[in-house]
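Protein chains get the first letters and strands the later ones, always in sequence-line order, with residue 1 at the start of each.
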Amino acid sequence: MALHPDIIALFPNSVQSPFIETSPSTRGIDRISYNCIAWAYEDSTAWYWPHPNRYWPKNIPMTETLEAFQLLFEDIGYEVCTDDSSEEGFQKIAIFAKAGKPTHASRQMSDGMWTSKLGDEHDVSHTLQSMADGFYGNVAILMRKRNE
Amino acid sequence: MIRTIVTPANQDISIHLPIDYVGKKLELILFAVDEPKEEKIDHLKHEFEKYKEIWERDTRFSSNTTDMINHPAYNQIISLGQDVVPLLLRDMVDTGNHWFEALNILLGINPVLPEHRGKIQQMMKDWVQWAKDNNVSF
């Protein structure tokens, strides 16, 4: 599936490293109700954001900080790690940030590629490199948890 | 029908009645007519679509609710006033666009139940219910 020109414009590295649109925009059809954070969190029932009118667990500070996002994932068993390669027995997530503010989260799949939901739009499979230096900035925190 | 525009220099209206009305009790009703309604609605729709397109273009890949509602185009839509509420409700139902905060600001209420916050479908249903309860058609 050829990449949508809008995606290439926002993620310039997508033309050099794998960045595959796994499902097209469903905006206005299914009315996607979750975002990239929820997708990484593996909860497709809510739009996660530290905002009074969106979903955010009560026990996590409602602040748009990397610390709060790290706590969000620690709450379900993730711990900070430094290696983005696929590790047997572990699942990983990457939190992206721009100018120090969290923007996005991706989840690693069993084949080592990463899966993301772009806002409430396209689902993509990608490397961390192909998403870097784009609309979401760069990876700020890598985390892993043992597979159940 | 008499149509006129009252100005500081012209505040009088003159009416000549046929002889048949002599001796009859009359009631005159005056009302102000705003600019034609359809024209006004078309303009509102045009402005809404214009700013919506900019907002969607700039925020479609964002998860950041704060950025979405602080976007200048989002605030331009809010500045259109309460007349834009039916358009927001229609678009919310059709596209799933997050107009919740614009509606909050324009109407000064939030009918979304606390347990529905972030559950987009439920949030939309709460707003649709509010519209039904308050006879707001969209």
Side-chain angles (χ1 to χ4, degrees), chain A residues 4 6-11 14 25-41 43-58 62-64 69 95-99 101-106 116-124 131 134-137, chain B residues 48-49 52-71 73-75 78 87-128 130 138:
Chain A
H4 193 284
D6 289 352
I7 293 179
I8 296 171
L10 291 173
F11 303 101
S14 63
S25 171
T26 49
R27 196 164 238 247
I29 301 170
D30 287 345
R31 292 187 222 126
I32 291 298
S33 300
Y34 56 96
N35 61 352
C36 63
I37 310 300
W39 181 247
Y41 197 92
D43 175 7
S44 58
T45 68
W47 186 281
Y48 281 61
W49 200 258
H51 182 276
N53 218 20
R54 295 296 182 276
Y55 181 74
W56 197 248
K58 287 189 174 73
M62 194 175 279
T63 54
E64 283 180 25
F69 279 66
I95 301 171
F96 284 72
K98 203 168 190 179
K101 290 278 185 186
T103 54
H104 179 73
S106 297
S116 283
K117 176 158 283 296
L118 307 182
D120 65 353
E121 296 238 356
H122 313 253
D123 293 335
V124 293
M131 190 164 270
F135 186 62
Y136 299 134
Chain B
F48 171 65
E49 290 297 331
K52 179 189 138 178
E53 193 178 321
I54 296 167
W55 179 73
E56 284 182 335
R57 182 198 66 203
D58 291 352
T59 65
R60 59 192 295 211
F61 293 136
S62 179
S63 280
N64 187 328
T65 299
T66 309
D67 282 354
M68 290 164 86
I69 64 180
N70 284 337
H71 191 281
Y74 196 89
N75 284 292
I78 292 170
L87 298 179
L88 294 177
L89 291 166
R90 178 78 266 151
D91 191 71
M92 177 189 74
V93 169
D94 288 346
T95 68
N97 274 335
H98 294 197
W99 298 122
F100 312 116
E101 286 70 30
L103 290 165
N104 295 157
I105 291 166
L106 285 166
L107 297 163
I109 53 158
N110 187 2
V112 173
L113 298 173
E115 62 268 30
H116 292 168
R117 288 173 190 162
K119 315 274 184 183
I120 303 301
Q121 301 291 341
Q122 293 294 335
M123 293 174 80
M124 289 198 290
K125 281 180 186 166
D126 288 346
W127 271 107
V128 169
W130 172 86
F138 57 88

Structural part of A:Pro52 lying under 4.5 Å from a heavy atom of chain B |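 Only the backbone of A:Pro52 comes within 4.5 Å of chain B.
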
Who wins among A:Leu10, A:Thr103, A:Ile7 for the most heavy-atom pairs under 4.5 Å with chain B?
->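 Going by pairs under 4.5 Å, I would pick A:Leu10.
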
Highest number of heavy-atom pairs under 4.5 Å with chain B among A:Phe135, A:Tyr55, A:Tyr48, A:Trp49 belongs to A:Trp49

Within this structure, what is the [atom1]-[atom2] distance for the pair [X] and [Y], rounded to the nearest 0.5 Å?
{"X": "B:Ser62", "Y": "A:Leu118", "atom1": "OG", "atom2": "CG", "value": "11.0 Å"}
{"X": "A:Tyr136", "Y": "B:Ser63", "atom1": "OH", "atom2": "OG", "value": "6.0 Å"}
{"X": "B:Met124", "Y": "A:Ser33", "atom1": "CE", "atom2": "OG", "value": "6.0 Å"}

Would you check, one step at a time, whether the test side-chain contact (heavy atoms from CB on, under 4.5 Å) holds for A:Lys101 with B:Asn64?
-> CA-CA 10 Å; A:Lys101 290 278 185 186; B:Asn64 187 328; 5.9 Å; no

Please confirm whether the backbone N or O of B:Arg117 pairs with a side-chain atom of A:Trp47, one donor and one acceptor, at under 3.5 Å?
-> no

With sequence neighbours left out, the residues meeting side-chain contact (heavy atoms from CB on, under 4.5 Å) with B:Leu107 are B:Gln82, B:Val85, B:Leu103, B:Ile109, B:Trp127, B:Trp130

B:Arg90: partners by side-chain contact (heavy atoms from CB on, under 4.5 Å), with sequence neighbours left out =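 So B:Arg90 forms a side-chain contact (heavy atoms from CB on, under 4.5 Å) with B:Val93, B:Asp94, B:Phe138.
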
Assess whether atom CD of B:Glu53 is packed by more than 12 heavy atoms of other residues, nucleotides or ligands within 6.0 Å.
->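 Open.
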
Within a reach of under 6.0 Å around NZ of B:Lys125, are more than 12 heavy atoms found that belong to other residues, nucleotides or ligands?
-> no

Please tell me if the side chains of [X] and [Y] come closer than 4.5 Å, counting only heavy atoms from C-beta onward.
{"X": "B:Phe61", "Y": "A:Cys36", "result": "no"}
{"X": "B:Ile69", "Y": "A:His51", "result": "yes"}
{"X": "A:Asn53", "Y": "B:His98", "result": "no"}

Choice from B:Arg57, B:His116, B:Met123 maximising heavy atom contacts with chain A below 4.5 Å = B:Met123

Which bit of B:Asn110 comes within less than 4.5 Å of chain A, counting heavy atoms only: side chain, backbone, both or neither?
->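 For B:Asn110, side-chain heavy atoms alone lie under 4.5 Å from chain A.
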
